[in-house]
Amino acid sequence: MKIACFSTKPYDQHFLTAASEDSAHEFLFLEHRLDGSTVVLADGCNAVCAFVNDTLDRSVLEQLREMGVGLLAMRCAGVNNVDLEAAAECGVRVVRVPRYSPYAVAEHTVGLILTLNRKIHKAYNRVRENNFSIDGFLGFDLHGRTFGVIGTGAIGRVLAGIMKGFGCRVLLYDPYPNEEGRKLGEYVELERLLAESDLVSLQCPLTPETYHLIDADRLSKMKRGAMLVNTSRGGLVDTSAAIEGLKSGQLGGFALDVYEEETGVFFEDLSQQVVQDDVLSRLMTFPNVLITSHQAFFTREALETIAQTTMESIDAFDAGRALDNEVVASSS
Ligand code: NAD
């Protein structure tokens with residue numbers, strides 16, 4: 001198989017090369033993001049490997065199929081950027097990596113919470129300038145606080161367990177509650193979770209139903225001054241509404257690893273350029289906002305598993321075996 005790998009950074013190339021050492025597959029590593037203008041680069045390949053900010057809409061999928069691409073291997077869990085119906089219609093099979101490391105994302109989420117609450121990012125800079133004052137760094141004990149988890153899949157449950165360990169009271173919301181979740185906290189309706197939680201963390205997928213799950217209305221139902229954390233997908237939060245919430249004080253803090261307009265910005269070094277996104281720029285001005293650039297997944301263990309699972313899917317497709325990690329449109 002010849003596989004065009006889009007949006008690859010040196011670390012992706014390293015882990016995919018290591019995982020494919022014993023195989024005869026050939027990788028074409030491309031730094032470009034996959035979209036209508038770059039799809040032509042996959043010409044001559046049987047498979048495409050893509051990531052979170054690549055565009056896999058109907059037009060791109062149709063062009064891939066015309067070139068002879070039969071497999072789309074997503075190096076991630078979320079497939080919100082893939083038109084699954086179009087993929088099924090044109091005969092491109094789609095696989096993903098459903099569980100690479102829930103610990104990586106949950107642990108990064110906790111890192112964001114601790115950093116934003118205790119202002120560790122500010123302390124780091126202050127101390128480096130010989131300023132040993134702690135003025136302005138006042139935080140709160142997590143112990144005894146109510147922590148709300150929206151989405152209790154693999155990541156949400158690991159996160160709930162960690163926060164329970166801190167001594168938080170854990171509230172959970174998921175349209176499909178599960179037994180493991182019940183051992184970690186109390187399932188409640190979304191409105192109650194929002195009203196009672198001191199911290200609310202989003203761990204659900206981005207779907208048409210969850211787009212702007214946190215909007216102005218839901219923000220107004222949160223406890224005044226609560227912290228919102230999003231390490232799932234940017235589109236879950238209406239960023240403009242969050243900015244209004246931060247300005248009014250309704251939202252006491254916002255920690256995010258994902259942003260709805262992150263494509264073309266996150267993962268890139270734009271330090272020599274002017275940021276063109278005024279919403280992102282405004283967000284970056286708040287003292288109580290902490291942004292990381294979609295790095296929650298970024299641990300050695302996660303990258304090893306992503307590469308290994310991707311190779312297993314490619315091998316299975318090549319051999320005509322069942323694809324364990326195939327995703328299909330819910331209507332198909
Ligand atoms: P998962 O499939 O194990 O769990 C998702 C859970 O969300 C399920 O229990 C599901 O029932 C629930 N859910 C579905 N619709 C919901 C709704 N409307 N409200 C509340 N819950 C809902 O997925 P996971 O492995 O826990 O990952 C969760 C998400 O995290 C992924 O979809 C992905 O978008 C994101 N993610 C981000 C990173 C990162 O680097 N920042 C890395 C991996 C995954």
Side-chain angles (χ1 to χ4, degrees), residues 7 9 11-12 50-54 74-82 84 94 96-113 148-163 170-185 187-194 197 200-215 218 221 228-237 255-260 262-263 265-267 290-303 305-306 309-310 325-327 330:
S7 298
K9 301 285 183 194
Y11 45 83
D12 297 305
F51 198 45
V52 293
N53 289 328
D54 290 315
M74 298 299 293
R75 310 193 291 280
C76 48
V79 288
N80 50 284
N81 51 333
V82 183
L84 292 173
V94 182
R96 63 175 184 139
V97 185
R99 267 171 192 44
Y100 44 86
S101 172
Y103 309 104
V105 183
E107 289 170 12
H108 186 77
T109 306
V110 177
L112 289 176
I113 292 166
V149 185
I150 299 180
T152 58
I155 297 168
R157 291 197 302 269
V158 172
L159 178 63
I162 297 173
M163 298 314 289
V170 176
L171 295 182
L172 310 167
Y173 169 74
D174 195 307
Y176 309 100
N178 54 66
E179 278 315 305
E180 279 177 68
R182 279 186 229 284
K183 292 177 196 150
L184 300 164
Y187 276 105
V188 295
E189 287 305 312
L190 181 56
E191 311 293 301
R192 187 174 149 207
L193 181 147
L194 294 174
S197 298
V200 172
S201 194
L202 294 163
Q203 317 303 151
C204 58
L206 177 62
T207 63
E209 293 75 42
T210 60
Y211 176 72
H212 283 186
L213 181 77
I214 301 298
D215 58 7
R218 294 248 165 75
K221 290 176 175 147
L228 177 66
V229 190
N230 186 9
T231 54
S232 284
R233 283 292 180 270
L236 295 171
V237 177
L256 54 146
D257 185 53
V258 286
Y259 165 59
E260 53 183 326
E262 70 178 51
T263 303
V265 180
F266 283 18
F267 301 115
L290 180 62
I291 306 174
T292 53
S293 181
H294 209 139
Q295 70 169 83
F297 73 100
F298 199 50
T299 65
R300 192 165 297 115
E301 291 78 3
L303 290 192
T305 309
I306 289 171
T309 309
T310 302
N325 297 315
E326 183 163 20
V327 260
S330 43

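Indexing begins at 1, ligand by ligand and atom by atom, following the structure's order.
Within the structure, ligand 1 lacks R157 among the residues with a heavy atom less than 4.0 angstrom away. Residue-ligand proximity: P102 is placed with every non-hydrogen atom at 4.0 Å or more from ligand 1. Residue contact annotation: T152 has a non-hydrogen atom under 4.0 Å from ligand 1. For the ligand labelled ligand 1, residue E209 lies outside the 4.0 Å heavy-atom shell.
Using a 4.0 Å cut-off between charged nitrogen and carboxylate oxygen, R192 and E189 do not count as a salt-bridge pair.
Summarising the contacts of atom 5 (C) of ligand 1 with P205, C76, A296, G234, the nearest heavy atom is found in P205.
In this structure, Y187 places its OH atom where more than 12 heavy-atom neighbours from other residues, nucleotides or ligands lie under 6.0 Å away.
Considering both main-chain and side-chain atoms, A154 comes within under 3.5 Å of ligand 1 through a nitrogen or oxygen pair. Ligand 1 has no nitrogen or oxygen under 3.5 angstrom from a nitrogen or oxygen of A77. Backbone and side-chain nitrogen or oxygen atoms of Q295 are examined, and none is located within less than 3.5 angstrom of a nitrogen or oxygen of ligand 1. Considering backbone and side-chain atoms together, D174 places an N or O closer than 3.5 Å to an N or O of ligand 1.
Of the N and O atoms on the side chains of D257 and Q295, not one donor lies less than 3.5 Å from an acceptor on the other residue. Side-chain atoms of T207 and E209 include a donor-acceptor pair closer than 3.5 Å. A donor and an acceptor atom, one from each side chain of T231 and Q203, are located under 3.5 Å apart.
Residue contacts with ligand 1 for H108 are absent, since no atom lies close enough (heavy atoms, distance under 4.0 Å). Counting heavy atoms closer than 4.0 Å to ligand 1, residue Q203 contributes backbone atoms (N, CA, C, O) but none from C-beta onward. Looking at I155 against ligand 1, both its backbone and its side chain come within 4.0 Å, counting heavy atoms. When non-hydrogen atoms are compared, ligand 1 lies under 4.0 Å from neither the backbone nor the side chain of F298.
Within a 4.0 Å radius of atom 9 (O) of ligand 1, the protein contributes one or more non-hydrogen atoms. Distance remark: protein heavy atom present below 4.0 angstrom from atom 36 (N) of ligand 1.
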